[in-house]
Amino acid sequence: MSLLGRLTLDSFSHGAVVLVGQLMIVLSVIAVALLLTYLKRWKWLWREWLTSLDHKKIGIMYLAVAGLMLLRGAADAAMMRGQQALSSGAHHGFLSSDHFQQIFSAHGTIMIFFVGMGFMFGLINLIMPLQIGARDVAFPFLNSISFWLFASGMALINLSLLVGDFSAAGWLAYPPLSELAYSPGTGVDYWIWSLQIAGIGSLLSGINFLVTILRMRRPGMTLMKMPIFVHSVLCSMVLIIFAFPILTVTLTLLALDRTLGMHFFTSTFGGNPMMYVNLIWAWGHPEVYILILPAFGIFSEVVSTFSQKRLFGYRSMVAALAAIAFLSFIVWLHHFFTMGSGANVNAFFGVMTMVIAVPTGVKIYNWLFTMYRGRIRFTTPMLWFLGFVVTFTIGGMAGVLMAVPPADFQLHNSLFLVAHFHTMVIGGVLFGYFAGFTYWFPKIFGFRLNERLGRYAFWCWFTGFLLAFVPLYILGLMGATRRLDHYDASMGWQSLFIVAAVGVATIGMGVGFQLLQIFVSIRQRHAHGDVTGDPWNGRTLEWATSSPAPAYNFALTPKVAERDAFWAMKQSGTEQKPHYEDIHMPKNTGMGIVIAGFCFLFGFGMIWHMFWLVPLGLIGAIGSIIIRSTNDETEYTIPAAEVEKADALRMKLAKATEAATDLPAVNPEPKVEWGVTG
């Protein structure tokens with residue numbers, strides 16, 4: 001075998017549609033490189049961002065990658081709906097069947113792994129340590145590795161646009177379609193190794209954040225005094241730790257089938273494709289809740305803040321989160337009721353699926369009761385919440401219907417299921433993260449987002465969502481199946497597919513308004529700046545520090561006495577002389593990029609059978625970890641005098657703003673009760 005393995009010149013040849021994508025990627029990379037060169041920002045980029053161990057900067061980089069992947073995923077969705085709207089009868093649209101299946105597979109993979117997970121880890125990095133009063137995460141270097149493994153997996157999946165092709169076996173790559181006999185190219189291998197690398201990063205993040213929550217809370221913050229968002233993150237991270245090893249093992253077994261000729265999931269020589277389906281959904285169903293539980297936590301924070309009330313039923317909300325996390329592991333089989341397990345098995349998983357709807361319903365009622373008799377401010381984050389209530393209720397009712405095995409036999413392979421899944425993921429996950437992004441944006445960047453453009457974006461997303469997926473519910477009931485790229489004109493489906501395509505275009509307008517909102521807000525940042533650190537009159541500890549928060553998060557360690565700690569501090573009116581101490585923070589390092597780079601080489605070698613590159617990548621990654629572990633100088637010290645000076649300047653600016661606007665202080669710093677740094 002040659003040094004290039006399976007890589008040939010033909011690997012670079014693609015159709016016209018893919019060529020457009022290739023040109024966009026190449027031109028974008030060149031444009032960014034030229035801009036950085038023109039502005040002389042390469043050293044700044046390396047020093048301030050790429051090598052940073054600051055959890056807030058890592059969170060922003062997660063959001064940036066997830067935002068880019070959202071654009072890629074939305075473009076894939078637009079192509080699929082455009083194809084379905086046009087490909088009827090004698091007209092076959094603009095995509096071949098194989099290319100349509102590749103786009104279908106890439107869209108699902110990107111939206112779940114690189115958009116949903118990216119937004120989730122981004123917001124967790126940015127907010128969770130602040131909410132528990134921590135100066136950093138438990139393992140800053142591990143946090144950097146996690147992000148760069150995530151970015152490496154993202155790079156690998158997008159490389160399939162330039163070299164080779166992507167999987168046409170669906171976003172979960174069921175055998176036997178994903179086995180060598182039916183997918184002999186590199187597509188499934190790209191899918192395996194991009195997910196494997198990013199998945200290991202997710203597992204490391206789960207460990208990191210779990211330890212952070214359990215070990216780095218401020219004195220006085222017991223588990224039942226934590227903000228609901230932190231509880232939701234805790235449950236999500238537990239799910240990651242239990243679920244992602246299943247994914248790692250499953251992908252490894254499939255890779256062994258394809259690379260070494262083993263037969264774990266083949267239909268011959270003792271293999272069992274249904275074992276793969278069981279394993280992938282034993283990970284896959286908890287994955288849905290891994291994504292949506294932090295969104296539930298975000299909605300809890302948003303509703304409480306903008307209703308200006310304590311969250312109704314705090315303990316029941318915590319119990320509901322724990323119940324959802326537990327039950328998510330015993331409902332996976334409802335994804336394949338049609339496999340023939342028998343009535344008893346189907347009945348058990350059908351009942352469990354209905355049971356898991358109960359704690360979810362508890363949360364909906366608690367949010368509505370929080371709003372009851374509250375002084376509600378209908379800001380953009382609150383609109384995202386209200387849109388979620390409508391869409392998620394529709395999706396939940398459809399899910400309970402599909403929990404009935406006889407109904408699922410009819411609907412399982414139809415567009416009804418596609419509509420249900422998107423209702424939960426878009427209406428639940430994305431709307432939640434958009435609400436969180438808008439809500440915490442001033443804390444992250446120091447200025448608020450433009451409200452008017454945010455409302456335009458919301459209404460485009462909400463209207464477009466209904467236009468895009470309500471027709472799919474109807475089409476599913478009419479018999480339209482999933483992964484359909486062409487259909488007979490006599491079916492009478494085209495008008496509904498056209499409406500769905502209009503819906504996707506409307507969502508595209510919403511994405512456009514979001515980009516415009518960010519651009520305009522940056523231009524107007526001085527007019528909408530936040531020098532108080534508390535623009536929404538918040539209730540939790542992230543609002544007790546400046547916006548954006550300094551590298552060390554808190555100049556002083558907040559003393560926690562009860563839930564809604566910052567709100568209690570503002571109401572107490574007590575004063576305590578501050579006591580500043582030196583703060584130790586982790587030094588920047590580029591070793592995370594190096595480790596992820598070697599993992600990228602390992603994955604690329606496995607995909608293209610460059611087996612000389614595989615040990616190079618593996619040894620390089622392990623060696624880099626060993627080298628880093630021998631470095632004892634990993635921290636620097638911020639003197640107490642410097643911390644005191646920065647904190648005094650922050651309070652001076654807040655008082656000046658209060659005096660200039662003649663408004664009561666939202667964040668009266670001298671009245672906050674502070675403990676001694678520990």
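In this structure a side-chain-to-backbone donor-acceptor pair under 3.5 Å is missing from Tyr433 to Leu123. With hydrogens and angles ignored, the 3.5 Å screen pairs no side-chain donor or acceptor of Gln196 with any backbone N or O of Leu251. Of the possible donor and acceptor atoms, none in the side chain of Ser144 sits under 3.5 Å from a partner among the backbone N and O of Pro140. Panel note: side chain Ser146, backbone Ser202; no donor-acceptor pair is recorded below 3.5 Å. Put simply, the side chain of Ser152 never gets that close to the backbone of Leu149: no donor and acceptor are under 3.5 Å apart. At least one donor-acceptor pair under 3.5 Å links the side chain of Arg6 to the backbone N or O of Ile607. With hydrogens and angles ignored, the 3.5 Å screen pairs no side-chain donor or acceptor of Ser87 with any backbone N or O of Gln84. No donor-acceptor pair under 3.5 Å is formed between the side chain of Asn272 and the backbone N or O of Phe265. Panel note: side chain Gln494, backbone Ala85; a donor-acceptor pair is recorded below 3.5 Å. Judged purely by atom type and a 3.5 angstrom limit, Ser236 has no side-chain atom pairing as donor or acceptor with the backbone of Ser232.
Atom CE of Met606 and atom CZ of Arg258 lie 10.5 Å apart (nearest 0.5 Å). From Met274, atom CE reaches atom CE of Met339 across 4.5 Å, with rounding to the nearest 0.5 Å. Here the CG atom belonging to Leu333 is positioned 6.5 Å from the CG atom belonging to Asn346, to the nearest 0.5 angstrom. Here the CZ-CD1 distance, from Arg628 to Ile625, works out to 11.5 Å after rounding to the nearest 0.5 Å. Distance check: Ile145 CD1 to Ser205 OG gives 10.5 Å after rounding to the nearest 0.5 Å. The CG atom of Leu253 lies 9.5 Å from the CE atom of Met262; values are rounded to the nearest 0.5 Å.
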Show your working on ring pair (Phe, Tyr, Trp, His ring centres under 6.0 Å) between Phe604 and Trp193 and close with a plain yes or no. CA-CA 8 Å; Phe604 189 81; Trp193 293 107; over 10 Å; no

Run the side chain to side chain contact (heavy atoms under 4.5 Å, CB included) test on Leu234 and Leu214 for me, step by step, so that the C-alpha distance in whole Å, both residues' side-chain angles and the decisive distance to 0.1 Å come before the verdict. CA-CA 9 Å; Leu234 177 63; Leu214 295 180; 4.3 Å; yes

May I have the step-by-step check of side chain to side chain contact (heavy atoms under 4.5 Å, CB included) for Thr259 and Phe611, ending in yes or no? CA-CA 11 Å; Thr259 307; Phe611 294 119; 4.2 Å; yes

Decide yes or no on side chain to side chain contact (heavy atoms under 4.5 Å, CB included) for Gln83 and Ile103, but give the supporting numbers first. CA-CA 11 Å; Gln83 170 70 13; Ile103 292 172; over 6 Å; no

Go through the steps for Thr109 and Trp191 under the test side-chain hydrogen bond (donor to acceptor under 3.5 Å, both in side chains), then give the verdict. CA-CA 8 Å; Thr109 304; Trp191 181 85; 3.3 Å; yes

Check against side chain to side chain contact (heavy atoms under 4.5 Å, CB included), Asp485 and Met80: CA-CA 8 Å; Asp485 66 289; Met80 286 191 294; over 6 Å; no

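Judged by distance alone, the side chains of Ser178 and Tyr276 never bring a donor and an acceptor atom under 3.5 Å apart. For the residue pair His335/His412, the side-chain donor-acceptor check at 3.5 Å is not satisfied. At a cut-off of 3.5 Å, with distance as the only test, a side-chain donor of Asp488 or Ser490 sits close to an acceptor on the other residue. Between Ser167 and Gln102, the side chains place no donor N or O within less than 3.5 Å of an acceptor N or O (distance only, hydrogens not considered). A donor-acceptor contact under 3.5 angstrom links the side chains of Thr353 and His334, judged on distance only. Defined by atom type and a distance below 3.5 Å, a donor-acceptor pair is missing between the side-chain atoms of Asn413 and Thr481.
Within 6.0 Å of CE on Met24 lie no more than 12 heavy atoms contributed by other residues, nucleotides or ligands. In Phe326, the CZ atom is not crowded: 12 or fewer heavy atoms of neighbouring residues, nucleotides or ligands sit closer than 6.0 Å. Within 6.0 Å of the CZ atom in Phe242, the count of heavy atoms belonging to other residues, nucleotides or ligands does not exceed 12. Residue Phe348 places its CZ atom among more than 12 non-hydrogen atoms of other residues, nucleotides or ligands, all under 6.0 Å distant.
In this structure, Tyr473 and Thr423 have side chains that are in contact, with non-hydrogen atoms separated by less than 4.5 Å. For the pair Val288/Val429, no side-chain contact is recorded, criterion being any heavy-atom separation below 4.5 Å from C-beta on. Under the 4.5 Å side-chain criterion, counting only non-hydrogen atoms from C-beta, Leu4 is in contact with Met610. The shortest distance between side-chain heavy atoms of Ser88 and Trp493 does not fall below 4.5 Å. Residues Thr391 and Ile426 form no side-chain contact, since every pair of their non-hydrogen atoms from C-beta on lies 4.5 Å or further apart. A heavy-atom distance below 4.5 Å is not found between the side chains of Thr212 and Met237. Using a 4.5 Å cut-off on side-chain heavy atoms (C-beta onward), Phe139 and Asn143 make no contact. By the 4.5 Å heavy-atom criterion applied to side chains, Pro273 and Ser267 are counted as neighbours.
Aromatic ring centres of His420 and Phe416: separated by at least 6.0 Å. Ring centers of Phe469 and Phe465: under 6.0 Å apart, within the cut-off. Aromatic pair Phe296/Phe392: centroids less than 6.0 angstrom apart. Aromatic ring centroids of Trp332 and Phe349 lie under 6.0 Å apart. Between Phe166 and Tyr190, the gap from one ring centroid to the other reaches at least 6.0 Å.
What you find for Gly170 and Ser105 is that their closest heavy atoms are N-OG, 2.8 Å. Taking all atoms of both residues into account, the shortest heavy-atom contact from Ser183 to Val188 is CB-CG2, 3.7 Å. Residues Val18 and Leu161 come closest through the heavy atom pair CG1-O, 3.5 Å. Summarising the geometry of Leu293 relative to Cys235, their closest heavy-atom pair is CD1-CB, 3.9 Å, with the distance given to 0.1 Å. Minimum heavy-atom separation, Gly122 to Leu63: CA-CD2, 4.1 Å. Across all their heavy atoms, Thr360 and Ile324 have their closest contact at OG1-CD1, 3.7 Å.
Ion pair Arg81/Asp76 not flagged as a salt bridge, since none of the NZ, NE, NH1 or NH2 atoms sits closer than 4.0 Å to an Asp/Glu carboxylate oxygen.
The list of ring pair (Phe, Tyr, Trp, His ring centres under 6.0 Å) pairs with a residue in residues 95-122, not counting sequence neighbours, reads Tyr62-Phe121, Phe113-Trp283, Phe114-Phe150.
Under the side chain to side chain contact (heavy atoms under 4.5 Å, CB included) criterion, His91 pairs with no residue, sequence neighbours left out.
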